[in-house]
Amino acid sequence: MKQLSFAAFISFWSVAGTLFVLSLLVPAPRSVEPADRRYTLQDIARHHSVDDCWMAIAGQVYDFSQFIPKHPAPAATMVAWCGKEATQGMKTKGYGNDHSPAAWAMAEAYRIGVLKSE
Ligand code: HEM
């Protein structure tokens with residue numbers, strides 16, 4: 001009887017262990033990563049206000065709705081570019097000076113996809 005329960009114990013844990021290892025090896029179904037989503041300028045144009053602000057910059061698409069209140073310049077400077085291709089805005093700040101590398105790096109956190117040519 002003891003031998004039988006020992007054998008049952010061993011087979012249970014070998015099956016459980018095998019299933020566990022297999023579950024680690026089989027990749028989970030891959031959903032579309034936000035960074036891979038593709039948006040047209042038409043999609044972006046629908047988000048053109050202070051609390052719903054998307055921009056395309058250098059081929060990437062960003063949702064800056066949460067960032068505008070944190071931006072160091074008055075909201076209107078950014079809002080003028082919401083819903084648009086805004087590479088020029090980012091590179092000139094509206095008066096000819098590019099943003100710092102830190103500002104460009106900050107934008108990465110708001111990236112939602114890439115620009116799809118229409
Ligand atoms: C595309 C439209 C934008 C316009 C027109 C714009 C304009 C400006 C202006 C006028 C200033 C203040 C003046 C100055 O520092 O020279 C400024 C500063 C700044 N902006 Fe923007 N901005 C835009 C987008 C962004 C974005 C998308 C980010 C980052 C997510 C950003 C981050 C910053 C930072 C960190 C500063 C401080 C100065 C610097 O690091 O360059 N801005 N911006």
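Remember, predicted model here, so these are calculated numbers, not experimental data. Read the numbers this way: they start at 1 and go in the same order the structure lists the ligands and their atoms.
- No donor-acceptor pair under 3.5 Å is formed between the side chain of T40 and the backbone N or O of K116.
- Between D43 and W54, the side chains place no donor N or O within less than 3.5 Å of an acceptor N or O (distance only, hydrogens not considered).
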Would you mind writing out a table of all protein N or O atoms found under 3.5 Å from any N or O atom of ligand 1, naming both atoms and giving the distance to 0.1 Å?
residue  : atom   : partner : partner atom : Å
ligand 1 : 15 (O) : K93     : NZ           : 3.4
ligand 1 : 16 (O) : K93     : NZ           : 3.0
ligand 1 : 16 (O) : Y95     : OH           : 2.3
ligand 1 : 20 (N) : H71     : NE2          : 2.9
ligand 1 : 20 (N) : H99     : NE2          : 2.9
ligand 1 : 22 (N) : H71     : NE2          : 2.8
ligand 1 : 22 (N) : H99     : NE2          : 2.8
ligand 1 : 40 (O) : S100    : OG           : 2.5
ligand 1 : 41 (O) : K93     : NZ           : 3.0
ligand 1 : 41 (O) : S100    : N            : 2.9
ligand 1 : 41 (O) : S100    : OG           : 3.4
ligand 1 : 42 (N) : H71     : NE2          : 2.9
ligand 1 : 42 (N) : H99     : NE2          : 2.8
ligand 1 : 43 (N) : H71     : NE2          : 2.8
ligand 1 : 43 (N) : H99     : NE2          : 2.9

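- Counting only N and O atoms by type, the side chains of D52 and S49 include no donor and acceptor under 3.5 Å apart.
- V114 and M55 are assigned to two separate hydrophobic clusters, defined by single-linkage of ILVMFWY side chains at heavy-atom distances under 4.5 Å.
- In this structure, the ring of Y62 has its center no less than 6.0 angstrom from the ring center of Y110.
- Under the 4.5 Å side-chain heavy-atom criterion for ILVMFWY residues, a single connected hydrophobic cluster contains both W81 and W104.
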